[in-house]
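I have placed the structure first, in the form of structure tokens, so that the comments after it can refer back to it.
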Amino acid sequence: MKKNTYYIILLLLLTLNSQAQLSGRTTLFDKGVWSMISVNKKVPYITTDGDGIFSLDLPEKLNNIFFLESWISIEIINIPKNVKANLGNIEIPMRKTVTTDYEKFTDEEKKMITSVHCYTQLIGYEYLNQLQNPKIIFTCNNVKFELDKFEFDIKEQKVIIDWKNLKFCTN
């Protein structure tokens with residue numbers, strides 16, 4: 001009887017201390033991949049592999065995941081501590097490209113535009129306050145979802161997604 005009680009207590013402790021486990025793959029709008037981007041804010045950084053694939057166990061005290069890349073970052077918040085989910089392919093958002101002559105903008109409008117360089121070569125301009133696609137695209141459980149319920153923090157240049165809008169990816 002004592003053995004059974006110990007096993008039940010052990011099982012309960014393991015269940016209570018379970019971690020969120022998330023996996024997926026970061027992709028580009030043109031079906032390429034983002035490789036070697038960080039999927040957490042804390043050191044040591046965990047990065048995607050060369051094919052954009054990641055797998056992450058979130059510590060009990062942390063309930064968000066952060067995809068950090070050069071232009072726009074994604075932060076998924078309020079992840080339940082015991083969820084196991086494959087986020088599938090996540091299309092990392094890009095800023096909208098400026099198609100008008102930069103010099104025609106007013107000084108006030110230019111504050112919301114940034115230059116894009118390849119090394120020292122100017123290759124164009126992007127809006128800081130607009131995304132190329134107004135939806136974040138996830139392909140999980142073999143179904144493509146276009147998520148439009150997110151916040152775009154212009155100052156921090158990050159998209160914030162609440163987990164309740166991603167429940168469809170739960171295993």
Side-chain angles (χ1 to χ4, degrees), residues 20 22-56 58 62-79 85-169:
L22 299 176
S23 60
R25 182 174 182 240
T26 56
T27 63
L28 292 166
F29 62 92
D30 63 359
K31 305 303 178 230
V33 297
W34 277 115
S35 61
M36 305 311 290
I37 66 170
S38 177
V39 291
N40 66 334
K41 287 187 196 182
K42 300 187 181 211
V43 177
Y45 292 113
I46 296 172
T47 60
T48 62
D49 67 11
D51 292 322
I53 296 171
F54 68 91
S55 182
L56 181 66
L58 294 176
L62 180 67
N63 70 342
N64 60 10
I65 185 172
F66 194 80
F67 297 97
L68 178 64
E69 60 93 18
S70 306
W71 294 280
I72 303 290
S73 299
I74 295 178
E75 185 169 13
I76 302 172
I77 60 172
N78 301 323
I79 301 170
N86 183 338
L87 299 176
N89 289 336
I90 306 164
E91 216 174 89
I92 302 293
M94 303 288 287
R95 289 190 295 244
K96 186 173 183 178
T97 304
V98 174
T99 56
T100 309
D101 183 12
Y102 178 76
E103 297 305 320
K104 291 183 180 178
F105 288 102
T106 66
D107 288 341
E108 194 63 31
E109 290 171 323
K110 287 179 181 178
K111 291 178 182 176
M112 283 292 123
I113 296 174
T114 187
S115 58
V116 179
H117 293 84
C118 182
Y119 298 102
T120 59
Q121 175 86 27
L122 174 67
I123 58 173
Y125 297 92
E126 293 177 335
Y127 292 100
L128 292 171
N129 60 346
Q130 298 178 40
L131 297 176
Q132 190 73 25
N133 184 349
K135 298 179 180 181
I136 309 295
I137 299 171
F138 288 82
T139 305
C140 59
N141 299 323
N142 295 318
V143 179
K144 183 176 181 177
F145 294 94
E146 294 184 351
L147 183 70
D148 58 0
K149 294 178 182 174
F150 60 85
E151 176 188 337
F152 180 35
D153 182 334
I154 296 167
K155 184 178 178 184
E156 297 291 324
Q157 290 292 287
K158 71 178 175 180
V159 168
I160 303 167
I161 302 170
D162 194 299
W163 178 257
K164 68 182 178 191
N165 298 315
L166 291 176
K167 288 181 182 177
F168 53 79
C169 289

Reported [atom1]-to-[atom2] distance for the pair [X] and [Y], which is rounded to 0.5 angstrom:
X: E91; Y: T27; atom1: CD; atom2: OG1; answer: 5.0 Å
X: C169; Y: I76; atom1: SG; atom2: CD1; answer: 8.5 Å
X: L87; Y: S23; atom1: CG; atom2: OG; answer: 7.0 Å

Between [X] and [Y], what is the shortest heavy-atom contact and its length?
X: K110; Y: F105; answer: CE-O, 3.3 Å
X: C140; Y: N86; answer: CB-O, 3.4 Å
X: M112; Y: I154; answer: SD-CG2, 4.3 Å
X: W163; Y: N78; answer: CB-O, 3.3 Å

Hey, does the side chain of [X] reach the backbone of [Y] with a donor-acceptor pair shorter than 3.5 angstrom?
X: D162; Y: N165; answer: no
X: E151; Y: I161; answer: no
X: R25; Y: D51; answer: yes
X: D49; Y: I53; answer: yes
X: T139; Y: G88; answer: no

Would a 4.5 Å heavy-atom cut-off, applied to side chains only, mark [X] and [Y] as touching?
X: K96; Y: L131; result: no
X: P93; Y: I74; result: yes
X: F152; Y: Q157; result: yes
X: L147; Y: I137; result: no

Which of parallel (below 30°), tilted (30 to 60°) and perpendicular (above 60°) describes F138 and F168?
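Judged by the thresholds at 30° and 60°, the geometry between F138 and F168 is perpendicular.
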Going by the rule side-chain contact (heavy atoms from CB on, under 4.5 Å), which residues pair with K135 if we only count those two or more places apart in sequence or in a different chain?
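Listed in chain order: N133, E146, D148.
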side-chain contact (heavy atoms from CB on, under 4.5 Å) between I136 and V159, worked out
CA-CA 9 Å; I136 309 295; V159 168; 4.2 Å; yes
Evaluate whether atom NZ of K149 has more than 12 neighbouring non-hydrogen atoms of other residues, nucleotides or ligands under 6.0 angstrom away.
no
Please table the atom pairs, donor to acceptor, closer than 3.5 Å between any side-chain atom in residues 120-129 and protein atoms at least two apart or in another chain.
residue, atom, partner, partner atom, Å
E126, OE1, R95, NE, 3.1
E126, OE1, R95, NH2, 3.3

Could you tell me whether K104 and E109 have a side-chain N and a carboxylate O separated by less than 4.0 Å?
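Not counted as a salt bridge, because no side-chain N and carboxylate O are separated by less than 4.0 Å.
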Mind checking what makes salt bridge (charged side-chain N to carboxylate O under 4.0 Å, His left out) contact with K111, not counting sequence neighbours?
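Only E108 meet the salt bridge (charged side-chain N to carboxylate O under 4.0 Å, His left out) criterion with K111.
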